[in-house]
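This report concerns only the one structure given below.
None of the values given here were measured: they were computed from a predicted structure. Just so you know, residue 1 is the first one in the sequence shown, and it goes up from there. Order of listing sets the numbers, starting from 1, for every ligand and every atom in it.
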Amino acid sequence: MSADRYAVVGQPVAHSQSPFIHERFARQTGQAMTYSRIEAPPAQFDAIVKRFFAEGGKGLNVTLPHKQAAAILSDDLTPRAQTAGAVNTLALRADGRLLGDNTDGAGLARDLLNNLRVTIAGRRVLLLGAGGAARGVLAPLLGLKPAELTIANRSPDRARELAAGFAAFGECRGCGFDEVRGGPYDVILNATSASLASHVPPLHAGVVGNRSFCYDMAYGREDTAFVRWAQAQGAARTSMGLGMLVEQAAEAFHLWRGVRPDTASVIAALKAELRS
Ligand code: ATR
């Protein structure tokens, strides 16, 4: 029997680490599958996805800028994908229907709780950004019952709208960066794409304290601008989103193959790969 085909689709996709991760998961769990990269301009996304499945593909990971388009294209959505309004995992079901899931929030929660041993329950949490990345993790974060969840964004209205839209999942408020006050936050999560341009959100000194944990959902070979900034502010601990990347992949792998791979060894391998 030939190996089942999977891929990550995005633009740009050349630097995606997903093949590295899924190839290790497959080897570890003895699954016969291949995993490739597919570059897709937005105008061709639907056609490329449909062709992939028509030619026998079994599942896709979807990355920027296609996560919302993937939600529209899905025949069915999991509740968490419905809530996020975005899909990062497509799975072909036995009846031929395409299921859209979103494993980003679960991946973040697993990385924070299981790998980094960060407590969210009862803590003051600050989420930076109000775009797709923030929206995707908001409901799972609220589900962890922080004492306070503030969403701060360059465009304050976007943060306020996002907070209002998720009120059913827990209390949260939206504001601009300069409105963030009230002493150091316990946990600060960067879901802006500012780091990619080496920008850091302009927060007041005092938002980060010597007990703050700062997490950048982005990652790179070097520390991101946000991680460097947090360290300079005296944060107790910082992390980039490599663990989230591996954990969201593990959730997708579980949906596709029905087995849960070990993530710790793959996070370690990916860190070593990025350093080399
Ligand atoms: P994503 O899916 O990665 O979240 P997005 O929906 O385009 O992408 O959202 C990008 C986020 O990063 C937004 O919160 C954006 O702020 P605005 O809503 O004000 O545009 C934020 N962002 C991007 N560049 C930024 C910068 N240089 N400084 C601060 N925030 C920035």
Side-chain angles (χ1 to χ4, degrees), residues 8-13 15-18 40-42 45 61-73 80-90 100-109 111 125-142 149-166 172-180 185 188-205 207-208 214-220 223-230 232-233 240-242 244-245 248-249 252:
V8 56
V9 55
Q11 187 183 52
V13 83
H15 297 290
S16 170
Q17 299 297 331
S18 291
F45 175 73
N61 282 133
V62 180
T63 187
L64 299 179
H66 302 309
K67 291 185 185 184
Q68 277 165 326
I72 294 165
L73 175 147
R80 59 191 183 182
Q82 179 100 47
T83 303
V87 156
N88 77 337
T89 304
L90 289 166
D101 192 9
N102 190 316
T103 66
D104 284 331
L108 173 66
D111 194 35
V125 177
L126 176 63
L127 178 63
L128 305 174
R135 167 177 288 272
V137 300
L138 191 48
L141 274 178
L142 286 167
L149 200 154
T150 299
I151 305 165
N153 195 46
R154 179 172 62 182
S155 320
D157 283 345
R158 248 185 126 187
R160 283 190 266 272
E161 276 160 32
L162 188 60
F166 279 75
C172 58
R173 72 173 187 112
C175 64
F177 294 130
D178 60 349
E179 296 169 73
V180 179
Y185 278 78
I188 304 173
L189 304 165
N190 182 28
T192 72
S193 50
S195 262
L196 304 175
S198 294
H199 289 152
V200 174
L203 294 163
H204 290 296
V207 169
V208 178
C214 296
Y215 188 94
D216 197 343
M217 283 165 54
Y219 61 86
D223 282 346
T224 60
F226 174 75
V227 159
R228 289 199 306 273
W229 172 81
Q233 301 286 312
M240 293 193 289
L242 269 182
M244 174 179 173
L245 178 74
Q248 65 76 27

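- For the atom pair CG of L126 and SG of C214, the computed distance is 9.0 Å after rounding to the nearest 0.5 Å.
- Polar contact with ligand 1: absent for A134 (N/O pair, distance under 3.5 Å).
- Residues N190 and T192 bring a donor and an acceptor atom of their side chains to less than 3.5 Å of each other.
- Residue contact check: H199 has heavy atoms under 4.0 Å from atoms 27 (N) of ligand 1.
- For ligand 1, the atoms sitting less than 4.0 Å from at least one non-hydrogen atom of S155 are 17 (P), 18 (O), 19 (O), numbered in the order shown with element in parentheses.
- Selection from P202, G136, S193 by nearest heavy atom to atom 10 (C) of ligand 1 gives S193.
- Proximity of A197 to ligand 1 is not established, as no heavy-atom distance is less than 4.0 Å.
- Remark: side-chain polar atoms of N102 are paired, donor with acceptor, to backbone N or O of A86 under 3.5 angstrom.
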Practice prompt. Apply side chain to side chain donor-acceptor pair (under 3.5 Å) to the pair T224 and D216, showing each step before the final yes or no.
Written response: CA-CA 8 Å; T224 60; D216 197 343; 2.6 Å; yes
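- One N or O on the side chain of T103 and one on the backbone of Q248 form a donor-acceptor pair closer than 3.5 Å.
- Atom CG of residue L189 and atom CD1 of residue I151 lie 11.0 Å apart, to the nearest 0.5 angstrom.
- Every atom of ligand 1 is numbered from 1 in the order shown, and the set under 4.0 Å from a heavy atom of G132 is 1 (P), 2 (O), 4 (O), 6 (O).
- Those atoms of ligand 1 with a heavy atom of A133 less than 4.0 angstrom away are 1 (P), 2 (O), 4 (O).
- No heavy atom of P201 sits closer than 4.0 Å to any atom of ligand 1.
- There is no protein heavy atom closer than 4.0 angstrom to atom 7 (O) of ligand 1.
- Distance from atom 28 (N) of ligand 1 to its nearest protein heavy atom, with residue and atom name: A194 CB, 3.6 Å.
- Of the possible polar contacts, one joining the N153 side chain to the A130 backbone as a donor-acceptor pair under 3.5 Å is found.
- When non-hydrogen atoms are compared, ligand 1 lies under 4.0 Å from the side chain of N153 (C-beta onward) but not from its backbone.
- Of the protein's non-hydrogen atoms, the one nearest atom 9 (O) of ligand 1 is G131 CA, 3.4 Å.
- One finds a salt bridge joining E179 and R160 here, because a Lys/Arg side-chain nitrogen approaches an Asp/Glu carboxylate oxygen to under 4.0 Å.
- Interface of G129 with ligand 1, defined as ligand atoms under 4.0 Å from a residue heavy atom, comprises 14 (O).
- The closest donor-acceptor contact from the side chain of H66 to the backbone of P42 lies at 3.5 Å or more, if one exists at all.
- Nearest to atom 13 (C) of ligand 1 by heavy atom, out of K67, R154, R158, is R158.
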